[in-house]
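Following: one structure in structure tokens, then a few remarks.
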Number of protein chains: 2
Amino acid sequence: MLQEERQNIIINQINLHHKVLTTDLSKLLNVSLDTVRRDLHELEESGRIVKVHGGAVSKSFHLPFQQPQVYAREEKKEIAYKALGLFKEGMNVLMGGGTIMLELARIIPKNHKGTVFTVSPLVALEIAQRSTIRVILIGGEVSHDAYVCTGPTVISQLSELRVDLSFIGANGLSVKDGLTDNDWDVMQVKKALMKASDKTAVLSISEKLDTTQKMQVSPLRSFECIITELSPNDKRLQKYAKVTKVV
Amino acid sequence: MLQEERQNIIINQINLHHKVLTTDLSKLLNVSLDTVRRDLHELEESGRIVKVHGGAVSKSFHLPFQQPQVYAREEKKEIAYKALGLFKEGMNVLMGGGTIMLELARIIPKNHKGTVFTVSPLVALEIAQRSTIRVILIGGEVSHDAYVCTGPTVISQLSELRVDLSFIGANGLSVKDGLTDNDWDVMQVKKALMKASDKTAVLSISEKLDTTQKMQVSPLRSFECIITELSPNDKRLQKYAKVTKVV
DNA sequence: AGAAATAATGCACGAATCAGCAAAATAAAA
DNA sequence: TTTTATTTTGCTGATTCGTGCATTATTTCT
């Protein structure tokens with residue numbers, strides 16, 4: 001077998017699986033490990049792949065220093081725009097935390113009528129800064145990782161509140177387990193958010209669909225709708241559409 | 001499984017959920033805790049994530065509030081350092097809003113013991129971000145100009161609170177009129193802050209000495225001390241020193 | 001302050017890598 | 001074709017790398 005032929009096969013395998021193991025290639029091509037290694041070395045020199053210990057990965061798979069400021073920013077913006085459509089003039093809404101909420105906060109029109117309640121200091125500041133809308137921040141202990149107010153104060157304040165609509169971000173979302181979270185305090189807050197509102201919309205990027213975290217916030221059917229960046233008739237959403245509205 | 005592959009999965013999990021636990025990753029990836037820890041270590045070294053006790057959090061969850069030009073920054077830092085001297089280990093303190101408070105928030109040591117209550121979302125976020133100290137945000141309507149929580153909710157929550165010490169920024173400060181402010185809501189909040197604390201320290205740059213605003217918060221004598229960037233025996237402070245302590 | 005959870009450290013073992021060398025294959029020249 | 005030069009391949013041993021385990025620190029919770 002020619003060297004070039006072999007290397008083409010290797011490239012092919014990498015494109016196919018994003019990664020290859022040196023030992024696998026050795027068996028597949030019936031050559032020694034050294035030969036495979038030398039091939040990988042050359043392919044790396046010519047910049048076609050990235051060699052790692054144990055094998056090699058495709059260049060796109062190995063993201064060298066790409067550090068997005070906000071992960072999946074565009075998708076989240078898209079979701080925020082859809083959500084904004086539900087926020088009619090004069091409504092009182094309740095917003096949770098997370099990057100999607102921040103995007104939503106950014107696009108609320110300056111003179112929108114209504115009141116926003118939120119447990120997220122960041123959301124509160126963003127809205128207060130950009131718009132003249134009334135912002136009520138529900139205070140409590142500030143969580144060190146999610147930057148959201150949590151704790152009994154939050155729960156009790158929310159229990160005295162009644163709003164038309166709430167927006168909640170998702171950590172895990174699946175048909176079977178509904179909305180799930182991995183932080184007990186945050187889970188409690190989300191439950192309270194839902195209790196305080198007539199309707200609740202879940203905002204989530206599609207990547208979180210069919211994932212489950214440790215604790216359940218609420219089953220799917222209790223939500224007014226699920227908002228993702230996907231088209232409502234996307235295949236991935238169909239099983240959700242049977243239980244609740246998808247947007 | 002390739003190391004590279006594993007680390008990509010970890011990054012992805014963190015992007016999705018902002019925070020991951022070492023034990024969860026260990027189960028998810030079917031490797032020992034040590035391996036996960038080493039991965040997290042490497043990812044931190046290359047600057048892609050931030051490691052915390054028990055797991056790791058996303059680096060990209062950075063706070064977008066910027067502070068372009070702070071007037072008299074150096075003087076304010078100086079004041080903040082003096083104020084920090086009063087914040088002993090284990091104390092519960094209450095902080096108002098304003099740029100001096102932000103400087104104070106920035107210099108609180110990472111592992112300082114104690115609890116901070118504040119009506120300023122900015123202060124709360126700054127502390128929550130930089131330190132492991134407990135931060136309780138007193139919620140309410142977010143003022144559009146001072147970015148401080150105001151209104152009846154704040155007042156009533158503060159009335160149920162009792163702390164050792166509070167730090168308040170000044171808008172106007174004079175021997176004759178004491179601490180004065182020009183915003184009715186903020187004035188009310190400051191009054192409530194004082195009522196909730198055993199002692200109150202006023203933080204002010206010297207420029208505001210001998211100035212008076214429309215509404216009085218409290219006369220001078222009710223303060224434990226006044227903190228400025230000046231030396232305590234500066235000429236300008238002498239008339240204040242007759243009424244209360246100056247630092 | 002004590003108990004439990006989490007992290008760091010040192011060690012051992014196997015797997016992967018590398019360098020140099022000899023054999024084999026291929027290409028080029030006589 | 002034979003001979004020679006060049007490239008490619010496989011092997012050996014030394015070395016590094018990745019992983020898990022045991023032990024010791026550190027942190028957190030109560």
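Every chain is numbered from 1, with letters handed out A, B, ... down the list of sequences.
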Nearest-Å distance for atom pair [atom1]/[atom2], residues [X] and [N]:
X	N	atom1	atom2	value
B/H53	C/dA8	NE2	P	9 Å
B/L43	D/dG18	CG	P	13 Å
A/E44	C/dA16	CD	C1'	15 Å
A/H41	D/dT9	NE2	P	15 Å
B/L2	D/dT19	CG	P	9 Å
B/Q3	C/dA15	CD	P	17 Å
B/L33	C/dT6	CG	P	8 Å
B/L21	D/dT27	CG	P	19 Å

Worksheet entry | Short side-chain donor-acceptor distance under 3.5 Å, A/E141 and A/T153 |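 Note: A/T153 and A/E141 side chains miss the donor-acceptor criterion.
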Discussion item. I'd like to know if the side chain of A/D39 pairs up with that of A/Q7 as donor and acceptor (distance under 3.5 Å, no hydrogens or angles considered).
Written reply: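 A/D39 vs A/Q7: donor-acceptor pair found between side chains.
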Can you tell me which nucleotide in [options] comes closest to the side chain of [X]?
X	options	value
A/T22	D/dG10, C/dT17, D/dT8	C/dT17
A/R38	D/dT9, D/dT19, C/dC18	D/dT9
B/D34	D/dC17, D/dA22, C/dT6	D/dA22

Discussion item. To the nearest 0.5 Å, what is the distance between CZ on B/R48 and CG on B/L43?
Written reply: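 Reported to 0.5 Å precision, the distance equals 6.0 Å.
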Short side-chain N/O contact to [N] OP1/OP2 from [X], under 4.0 Å:
X	N	value
A/R6	D/dT9	yes
B/K51	D/dT27	no
B/T35	D/dT19	no

Practice prompt. Identify whether any heavy atom of B/V52 sits under 4.0 Å from a base atom; if not, whether one sits that close to sugar-phosphate; answer base, sugar-phosphate or nothing.
Written response: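 The residue B/V52 makes sugar-phosphate contact but no base contact.
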Discussion item. Looking at every non-hydrogen atom in both residues, tell me the closest pair between A/L94 and A/A196 and how far apart they are.
Written reply: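 That closest heavy-atom pairing would be CD2-CB, 3.9 Å.
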Worksheet item: Do B/D164 and B/K88 sit within salt-bridge range, that is, some charged N less than 4.0 Å from a carboxylate O?
Response: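 Answer for the salt bridge query: no.
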Worksheet item: Within the modelled atom types, does a donor on one side and an acceptor on the other bring the side chain of A/R37 and the base of D/dG10 under 3.5 Å apart?
Response: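 No.
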